[in-house]
Amino acid sequence: MERTDPNIVLTLGRCWTTSTPSPLSLPQWDLLIDGCPYQDDRYLTTLVPVTGSSGLQFPTHYKRFVVKMFTFVDPASLAALQETIFIHCTTEVCHPSSGSCEQSCTRKRRDTRIKAVSGEQTVVSSGEVTLVM
């Protein structure tokens, strides 16, 4: 938020959707796990690189991804529950001096996690995303 250090890098952990503004509400659907597309989703979320050509002053302060649109449905009737979703992500700030800030979706389980500046994750939530069909 309003950081001007060009060296820090925003990293994503878990990103998921809910049908209410609360990140704890149910139902939930995972989009990203450890910053990578959730492999159990038939419609994988796509990570979009943010580069210096994006026009942003600090491109490493941003993350973008594309979600295939969906809606939560009632398990019995399969009727759409709502026409809105909310997206939530756990985030951390990484500084290259603490090691690599690169998130690799092909890494092995034994690889070390990215070292955060604060060591704390923060949940960031979107506003209402309206589904238009």
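All heavy atoms count here, side chains included; hydrogens, waters and symmetry mates do not.
When all heavy atoms are compared, the tightest approach of Lys63 to Thr11 is CE-CA, 4.2 Å. Scanning all heavy atoms of the two residues, the minimum distance from Pro27 to Phe72 falls at CG-CD2, 3.5 Å. Across His88 and Ser125, no two heavy atoms sit closer than the pair ND1-OG, 2.6 Å.
The line from SG of Cys94 to CD of Gln103 is 8.5 Å long, rounded to the nearest 0.5 Å. Here the CH2 atom belonging to Trp16 is positioned 13.5 Å from the OG1 atom belonging to Thr45, to the nearest 0.5 angstrom. In this structure, Cys89 SG and Arg14 CZ are separated by 10.0 Å, a value rounded to the nearest 0.5 Å. Here the straight-line distance linking atom CD of Gln28 with atom CZ of Phe86 works out to 13.5 Å at 0.5 Å rounding. Between the CG atom in Asp41 and the NZ atom in Lys68 there is a gap of 9.5 Å [rounded to 0.5 Å]. One finds the CG atom of Leu32 at 10.0 Å from the CG atom of Leu44 (value rounded to the nearest 0.5 Å).
Aromatic ring orientation, Tyr38 versus Trp29: perpendicular (interplanar angle above 60°, classes split at 30° and 60°).
Ile85 and Ile33 fall within a single hydrophobic cluster, where Ile, Leu, Val, Met, Phe, Trp and Tyr are joined by side-chain heavy atoms under 4.5 Å apart, directly or via other members. Under a hydrophobic-cluster definition in which Ile, Leu, Val, Met, Phe, Trp and Tyr are linked whenever side-chain heavy atoms come within less than 4.5 Å, directly or via other members, Val124 and Phe65 are assigned to different clusters. Placement of Tyr62 and Val9 in two distinct hydrophobic clusters is found when ILVMFWY residues are connected by side-chain heavy-atom separations under 4.5 Å, directly or transitively.
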**Q.** side chain to side chain contact (heavy atoms under 4.5 Å, CB included) between Phe58 and Ile8, worked out
**A.** CA-CA 9 Å; Phe58 303 108; Ile8 61 173; over 6 Å; no
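Counting heavy atoms from C-beta on, the side chains of Thr51 and Pro59 never come closer than 4.5 Å. A heavy-atom distance below 4.5 Å is not found between the side chains of Cys101 and Thr60. The closest side-chain heavy-atom distance from Asn7 to His95 is below 4.5 Å. Side-chain contact between Thr91 and Leu12 is present, with heavy atoms from C-beta onward closer than 4.5 Å. Between Cys105 and Pro37, some side-chain heavy-atom pair lies under the 4.5 Å cut-off. Using a 4.5 Å heavy-atom threshold, the side chains of His61 and Leu56 count as separate.
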